[in-house]
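Below is one structure, written out as structure tokens; comments come after it.
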Amino acid sequence: FQTEQNEVEIWATNDQTEAVDAEVRLRLLSFSGAVLGEMDLSARVKAGSALLLRRLSVDELAPERTGVFAVLDMVVGSTVFRNEHAFAPWKSCPLPVADVKCRVVERADGQLAVGVRTDAPVFYLALDAQGVRGSFDDNGFTLLPDEERFVSFNCKESAISAQHLASALRVQHLRSTYL
């Protein structure tokens, strides 16, 4: 988080009962998706604790606050946690118009999932299946170019086909809400 002292503090929290080894990577990106810099902040985090991984100057990280954003990825075991940080209010940042592509797949267990890709960074991406009772297992996430994220759909009615879900699918993200 960004402090009043013009610093960014990066913390790792472990609410588990055993220490964990966290692989942590901080990246600075332009709003076009170009990686401008990155650093490794990996650490061992004690059980039931929070650890300050690094304190960095905002002036050094983002001299032009509206031109960059930070992405923090932390991997613990097989779980990936992601957080992003804008150095200025989102409305001041040049969010690109992104081409978001979705594909519906049927998993081996019969459950449907949506694979989502984009050509530019999107923030707070949310999926909706209009007219279909159900929910996605994740929504409101950041997606970067050259990534594909699969989101499971939990249907609350009789089984539907991949084609039916694909036709009902709607995608929204922060930039798409701008008038």
Checklist entry - Going through the checks in order, is the salt bridge (Lys or Arg N to Asp or Glu O under 4.0 Å) test met by Arg54 and Asp40? => result CA-CA 10 Å; Arg54 189 78 52 97; Asp40 180 5; over 6 Å; no
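- Of the possible donor and acceptor atoms, none in the side chain of Asp15 sits under 3.5 Å from a partner among the backbone N and O of Gly48.
- In this structure, Leu144 and Arg82 have side chains that are in contact, with non-hydrogen atoms separated by less than 4.5 Å.
- Atom CG of residue Leu72 and atom CG of residue Leu26 lie 6.0 Å apart, to the nearest 0.5 angstrom.
- Asp73 places a side-chain heavy atom less than 4.5 Å from the side chain of Arg27.
- Note on Glu38 versus Arg25: salt bridge recorded, some NZ/NE/NH1/NH2 to OD/OE distance being below 4.0 Å.
- Looking at heavy atoms from C-beta onward, His85 lies in side-chain contact with Gln2 at the 4.5 angstrom threshold.
- In this structure, Tyr124 OH and Thr177 OG1 are separated by 11.0 Å, a value rounded to the nearest 0.5 Å.
- Ion pairing between a basic and an acidic side chain is recognised when a charged N comes within 4.0 Å of a carboxylate O; Arg170 and Asp128 show no such pairing.
- Under a cutoff of 6.0 Å and an axis angle of 45°, Arg175 and Phe123 do not form a cation-pi pair.
- Side-chain N or O atoms of Asp119 include one that pairs as donor or acceptor with a backbone N or O of Asp99 at under 3.5 Å.
- Cluster annotation: Leu29 and Phe141 are assigned to distinct hydrophobic clusters (Ile/Leu/Val/Met/Phe/Trp/Tyr, side-chain heavy-atom contacts under 4.5 Å, transitive).
- Between atom CD1 of residue Ile10 and atom CG of residue Leu52 there is a gap of 8.5 Å, rounded to the nearest 0.5 Å.
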Next on the checklist: Is there a side chain to side chain contact (heavy atoms under 4.5 Å, CB included) between Met74 and Val80? Walk through the geometry before answering.
Outcome noted: CA-CA 6 Å; Met74 181 171 74; Val80 179; over 6 Å; no
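- Side-chain N or O atoms of Arg149 include none that pairs as donor or acceptor with a backbone N or O of Val116 at under 3.5 Å.
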Next on the checklist: Evaluate Ser135 against Lys156 for side chain to side chain contact (heavy atoms under 4.5 Å, CB included), listing each step before the verdict.
Outcome noted: CA-CA 8 Å; Ser135 61; Lys156 304 263 192 268; 3.8 Å; yes
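- When atom types are taken as modelled, the side chain of Ser42 and the backbone of Val24 share a donor-acceptor pair closer than 3.5 angstrom.
- Under the 3.5 Å distance criterion, the side-chain polar atoms of Asn14 are matched with a main-chain donor or acceptor of Val45.
- For Leu53 against Ala43, the heavy-atom pair with the smallest separation is CD2-CB, 3.7 Å.
- No continuous path of hydrophobic side-chain contacts links Phe69 to Val97 [ILVMFWY only; heavy atoms under 4.5 Å].
- Closest heavy-atom contact between Phe150 and Arg103: CZ-NH2, 3.1 Å.
- In this structure the side chain of Val58 reaches within 4.5 angstrom of the side chain of Arg65, judged on heavy atoms.
- For the atom pair CD (Glu64) and CZ (Phe87), the distance works out to 12.0 Å, reported to the nearest 0.5 Å.
- Note: the hydrophobic cluster containing Phe81 does not contain Leu125 (ILVMFWY, side chain heavy atoms under 4.5 Å, direct or indirect links).
- Side-chain atoms of Leu169 and Val114, non-hydrogen and from C-beta on, do get closer than 4.5 Å to each other.
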Next on the checklist: Assess the residue pair Asp59 and Asn6 against the criterion (side-chain hydrogen bond (donor to acceptor under 3.5 Å, both in side chains)); give the C-alpha distance rounded to whole Å, side-chain angles, the decisive distance to 0.1 Å, and a yes or no.
Outcome noted: CA-CA 7 Å; Asp59 291 331; Asn6 212 25; 3.2 Å; yes
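- Under the 4.5 Å side-chain heavy-atom criterion for grouping Ile, Leu, Val, Met, Phe, Trp and Tyr, Leu95 is not connected to Leu28 through any hydrophobic cluster.
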Item to check | Test side chain to side chain contact (heavy atoms under 4.5 Å, CB included) applied to Ser152 and Leu112, step by step | outcome: CA-CA 6 Å; Ser152 294; Leu112 297 178; over 6 Å; no
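- Both Leu56 and Leu41 are part of a single hydrophobic cluster, where members link through side-chain heavy atoms under 4.5 Å apart.
- Here the closest heavy-atom approach between residue Cys155 and residue Ser158 is recorded as SG-O, 3.7 Å.
- Within a 6.0 Å sphere centred on CD of Glu157, other residues, nucleotides and ligands contribute more than 12 heavy atoms.
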Next on the checklist: Run the side chain to side chain contact (heavy atoms under 4.5 Å, CB included) test on Val132 and Ile160 for me, step by step, so that the C-alpha distance in whole Å, both residues' side-chain angles and the decisive distance to 0.1 Å come before the verdict.
Outcome noted: CA-CA 9 Å; Val132 179; Ile160 63 168; 3.8 Å; yes
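- Phe136 is not listed as a side-chain neighbour of Asn154, based on a closest heavy-atom distance of 4.5 Å or more.
- Between the CD atom in Glu106 and the CG atom in Asp109 there is a gap of 8.5 Å [rounded to 0.5 Å].
- Within the 4.5 Å cutoff, side-chain heavy atoms of Pro145 are placed close to those of Pro121.
- Distance check, rounded to the nearest 0.5 Å: CG of Leu127 to CG of Leu165 gives 9.0 Å.
- Salt bridge Glu148/Lys101: absent, no basic N to carboxylate O contact under 4.0 Å.
- Residues Asn139 and Val151 fail the side-chain proximity criterion, which asks for heavy atoms closer than 4.5 Å.
- By the 30° and 60° cut-offs, the orientation of the rings of Trp90 relative to Phe31 is perpendicular.
- In this structure, a donor-acceptor pair under 3.5 Å is present between the side chains of Glu84 and Thr142.
- Without hydrogens or angle criteria, Thr118 side chain to Val122 main chain gives no donor-acceptor distance under 3.5 Å.
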